[in-house]
Amino acid sequence: MLKKEKKERTYELPDLDGAEQGKTCMRIAPGPSGPLHIGHTRVSVLNDEYTRRYEGKLILRFEDTNPEKIDPEAYDMIPEDLDWLGVKIHESFIQSERFETYYGMTRELIGQGHAYVCTCDPEKWRGLKEEKRACPCRDLPVNEQLDRFDRMMEGGYGEGEAIAVVKTDIAHPNPAVRDFVALRIVDAPHPRTGTKYRVYPMMNLSVAIDDHLMGMTHVIRGKDHLNNTDRQKYVFDYFGWKQPFYLHYGLVNIPDTVLKTSLIKQSIKEGEYSGWDDLRTGTVRALERRGIKPEAVRRYWVESGIKSVDIEFSWDNLYGMNRDLIDPVSNRYFFVQDPVRYDVEGVGSIEGRAPLHPDHPERGMKEYSIDGPKTVFISEKDSRTFSQERKIRLKDLCNLEYSLPARYAGNDVSEMRKSGLKAVQWVSRKSIPCDVLMTDGTVASGLVEDSILSEKSETVQFERFGFVRIEKKDPEKIVAAYTHD
RNA sequence: GCUCCUGUAGUGUAGCGGCCAAUCAUGAAGCCCUCUCGAGGCUUCGACACGGGUCCAAAUCCCGUCGGGAGCACCA
């Protein structure tokens, strides 16, 4: 045999520095502003993959420290999304239940002289930082700082009048690392704690504290957090804590997709989108609804790896992976978009049969029998071909000659090869109206063969149309969501 | 402006000093097969950003240029 040996490549994530079997602890830490979208699935899958590899612990931590950007439903939606993705969470925390901890730690930092309470005008404070200069509050004595902190906690300052700040290096060459805000005052009620608290931690404080207290060994996150890692290091150092290993993967640009939760939310509110699972969005819910399999998403991110290069997300590549998964399990059905009616004469009755899946004949056949008034429908597009070519084959049934009504022209399959006869999908009068919701928000309407009613799988292929996920199936109406071609 | 990250085919990825006239997937083109424009088989297309250096030897190391991205928020 001359067959070339093909090198098969296995896609595996690189090992994690410092990872010990059974001892890793990682986390997924979303802000509960909405459900997860395709962008969030990367960090979720990567953390899950490593946690499984090292038999470690994976924590879900809701970072709800900004009361103004919380959707209460997200606390339920996010775990549902992770569950669909196949991400196993071992423990969950909600930061809004831990405010006292952050307050205590901040007080300690102030006591150590590593934090201060600033009452300057925000712009002035920022401007001074630009110039590597400290504001007057920074160097006040510790006991005065503590008094200010108490006053802040007791409500002695209004919103925007005071902040607690962690000192770093005011002259740090990287302006992004100089002194950062630890706590601020917000009057807006928090969906979970109401008006009980009005001093809210900023993520650099709460993340550093929680990553330590929750025992993180490794933190995987986007490159956009690189500067935050530097900032958080100061908190770790002040308390003498050991920092986890960090991995920063590159940013992902996801084209042609609406991801911003605030935008989606607004469109839902305005009635433009049907909900969080609107096919036009890139939410996990929309992926699920379309018939994208979680295994495809997982494979996509594993193959993408964890490099810190910025990447462009490719729907084509994801579709390719998903097609590998759904093609073998998707039975074939005829869907006729924009149906055109043809009556057939010149024959008594017509019989035909076709396998549910060409590669799996053992699954059974669809049996066709057309008698009485012999009426078929083909798509508007195929109808044009029919009138031009004058002859066409109804796949798995018979050939037709063009005229009105159409004329039966035998059942010789070999004509396809001999004279380039085109086979088209068709349905009979027993077909069912079917709407396919497309990913651009449009609807493809037509008829689908009625044998689909006994189909058990949600995912099927409409031949020469594409894969779809059946959403609603009853004898009067079928609704499906378009997956991909 | 300052600081940081980063540059292998259209996209993603392997390679990290000689095994590279560079891997695999996806994509595109063609053929075969198939009663689908799906799947499968075969073939083809297509990349080491550029310029210097180090070295017997560089996609791999160093420097510069150029390109892409992020941060400099009382968002996460």
Side-chain angles (χ1 to χ4, degrees), chain A residues 3-4 6-12 29-33 63-66 68-69 95 118 122 125-126 129-130 132 159-165 172-178 180-186 199-200 202-204 206-207 221-231 248-253 255 299-305 307-321 323-324 326-328 330 332-334 352 354-355 357-360 393-399 411-417 421-425 461-467 484-485:
Chain A
K3 209 143 199 179
K4 252 193 287 181
K6 235 185 188 173
K7 283 186 218 163
E8 278 291 326
R9 237 190 78 213
T10 51
Y11 291 88
E12 258 178 38
S33 57
E63 306 211 325
D64 57 345
T65 53
N66 179 2
E68 291 172 305
K69 277 193 186 166
Q95 288 192 318
C118 173
W125 178 72
R126 243 178 280 139
K129 267 207 310 181
E130 283 283 305
K132 304 183 178 179
E159 190 172 295
E161 285 177 4
I163 48 172
V165 179
H172 197 287
N174 184 350
V177 179
R178 295 174 202 153
F180 63 87
V181 182
L183 298 169
R184 61 169 178 157
I185 297 164
V186 182
V199 176
Y200 290 91
M202 303 295 289
M203 72 98 120
N204 278 306
S206 53
V207 164
R221 55 181 174 188
K223 221 167 76 170
D224 49 327
H225 285 294
L226 236 22
N227 285 320
N228 291 324
T229 301
D230 290 343
R231 298 202 260 217
H248 297 95
Y249 58 78
L251 265 35
V252 187
N253 181 35
R299 191 181 138 199
Y300 187 92
W301 292 125
V302 170
E303 291 194 13
S304 294
K307 299 198 302 186
S308 43
V309 208
D310 297 339
I311 62 173
E312 177 92 359
F313 182 83
S314 163
W315 287 104
D316 269 348
N317 287 14
L318 178 67
Y319 292 162
M321 294 172 192
R323 197 177 294 116
D324 284 348
I326 64 173
D327 182 76
S330 301
R332 273 46 174 175
Y333 292 94
F334 289 177
H357 194 298
D359 304 331
H360 300 277
R393 172 161 180 82
L394 302 180
K395 185 171 176 266
D396 306 312
L397 190 72
C398 68
N399 302 340
N411 189 15
D412 184 2
V413 184
S414 67
E415 275 198 60
M416 287 181 54
R417 201 164 303 149
L421 188 67
K422 281 191 180 128
V424 302
Q425 281 62 33
Q461 189 201 51
F462 285 172
E463 282 190 23
R464 273 173 74 238
F465 181 81
F467 291 92
H484 47 66
D485 58 15

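Reminder, nothing fancy here: chain letters follow the sequence lines and each chain counts from 1. Scope of the values below: all heavy atoms of this structure, side chains included, with no hydrogens, waters or symmetry mates.
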Where A:Phe313 and A:Pro255 come nearest, the two heavy atoms and their spacing: O-CD, 3.3 Å
Sugar-phosphate, base or nothing in reach of A:Gln461, heavy atoms under 4.0 Å: base
Gap between atoms CZ and C1', on A:Arg221 and B:C4 respectively (whole Å): 14 Å
Euclidean distance for C1', B:G51 against B:C45 (whole angstrom): 29 Å
Polar side-chain contact A:Arg323-B:G38 base: donor and acceptor under 3.5 Å: no
Atom-pair distance (CZ on A:Phe313; C1' on B:G27), nearest Å: 15 Å
Sugar-phosphate, base or nothing in reach of A:Tyr319, heavy atoms under 4.0 Å: nothing
Minimum-distance pair of heavy atoms, taken over all atoms of A:Arg221 and A:Thr229: NH2-OG1, 2.8 Å
Rounded distance in Å between the C1' positions of B:U8 and B:C24: 13 Å
Bracket notation of RNA chain B in which parentheses pair within the strand, [ ] cross earlier pairs, and | pairs with another strand (Watson-Crick or G-U, under 3.5 Å): (((((((..(((.....[.....)))((((((.......))))))...(((((..]....))))))))))))....
Pairwise C1' distance for B:G7 and B:A59, with rounding to whole Å: 12 Å
N/O (side chain, A:Arg299) to phosphate O (OP1/OP2, B:G12) under 4.0 Å: no
Nucleic acid footprint by protein, nucleotides 66-72 of chain B - heavy-atom cut-off 4.0 Å, B for base, S for sugar-phosphate alone: --BSSBB
Nucleotide nearest A:Glu312 when distance is taken to its side chain, options B:C74, B:A39, B:G12: B:G12
Atom-pair distance (CG on A:Asn253; P on B:C5), nearest Å: 22 Å
Nucleotide B:A25, atom P - distance to CD of A:Glu12 in whole Å: 17 Å
Exercise: identify the closest heavy-atom pair between A:Asp485 and A:Phe467: O-CD1, 3.6 Å
Sugar-phosphate, base or nothing in reach of A:Val413, heavy atoms under 4.0 Å: base
Toward the 5' end of RNA chain B, by each residue's nearest nucleotide, A:Tyr300 or A:Ala423: A:Tyr300
Most 5' of A:Gly320 and A:Phe465 on RNA chain B, judged by nearest nucleotide: A:Gly320
Gap in Å between the two C1' atoms, one belonging to B:U13 and one to B:A57, rounded: 27 Å
Whether A:Asp310 side chain and A:Leu251 backbone form a donor-acceptor pair below 3.5 Å: yes
Sugar-phosphate only, base, or nothing, as touched by A:Gln425 at under 4.0 Å among non-hydrogen atoms: sugar-phosphate
Exercise: identify the closest heavy-atom pair between A:Tyr300 and A:Glu312: OH-O, 4.1 Å
Over all atoms of both residues, closest heavy-atom pair of A:Phe180 and A:Arg231: CE2-O, 3.3 Å
Same-atom distance (C1') from B:U11 to B:U36, integer angstrom: 27 Å
Residues forming a ring pair (Phe, Tyr, Trp, His ring centres under 6.0 Å) with A:His357, sequence neighbours excluded: A:His360
Non-neighbouring partners of A:Ser33 that pass side-chain hydrogen bond (donor to acceptor under 3.5 Å, both in side chains), sequence neighbours left out: none
Rounded distance [0.5 Å steps], NZ in A:Lys395 versus CZ in A:Arg332: 9.0 Å
Sugar-phosphate only, base, or nothing, as touched by A:Ile311 at under 4.0 Å among non-hydrogen atoms: sugar-phosphate
Per A:Asp359 side chain, nearest of listed nucleotides B:C35, B:C74, B:G38: B:G38
Donor-acceptor pair present, A:Asn317 side chain and B:U11 base, under 3.5 Å: yes
Side-chain touch A:Ile185/A:Glu161, heavy atoms, less than 4.5 angstrom: no
B:C2 versus B:G15 - spacing of their P atoms, nearest Å: 35 Å
B/S/- contact track for nucleotides 58-63 of chain B, protein heavy atom under 4.0 Å: ------
P atoms of B:U60 and B:A49, separation to the nearest Å: 8 Å
Sugar-phosphate only, base, or nothing, as touched by A:Asn66 at under 4.0 Å among non-hydrogen atoms: sugar-phosphate
Heavy-atom closest contact (A:Arg178 atom, A:Glu130 atom, distance): NH1-O, 3.1 Å
Sugar-phosphate only, base, or nothing, as touched by A:Gly305 at under 4.0 Å among non-hydrogen atoms: nothing
Short side-chain N/O contact from A:Lys307 to OP1 or OP2 of B:A14, under 4.0 Å: yes
Sugar-phosphate only, base, or nothing, as touched by A:Met202 at under 4.0 Å among non-hydrogen atoms: sugar-phosphate
Spacing of A:Asn228 atom CG relative to B:A76 atom P, expressed in whole Å: 10 Å
Span that lies between the P atom of B:A39 and that of B:G1, in whole angstrom: 49 Å
Touch class at under 4.0 angstrom, heavy-atom based, for A:Pro358 against every strand present: base
Side-chain heavy atoms of A:Asn66 within contact of A:Arg184, under 4.5 Å: yes
Phosphate OP1/OP2 of B:G10: any A:Ser314 side-chain N/O under 4.0 Å: no
Euclidean distance, atom CG of residue A:Leu397 to atom C1' of B:C35 [Å, nearest integer]: 11 Å
Touch class at under 4.0 angstrom, heavy-atom based, for A:Thr65 against every strand present: sugar-phosphate
Salt bridge A:Asp412-A:Arg417, side-chain N to carboxylate O under 4.0 Å: no
Separation of atom CG in A:Asn411 from atom C1' in B:C35, rounded to whole Å: 10 Å
Separation of atom NZ in A:Lys422 from atom P in B:C35, rounded to whole Å: 18 Å
Note, A:Val186 side chain near A:Glu159 side chain (heavy atom, < 4.5 Å): yes
For A:Tyr333, ring pair (Phe, Tyr, Trp, His ring centres under 6.0 Å) partners two or more places apart: none
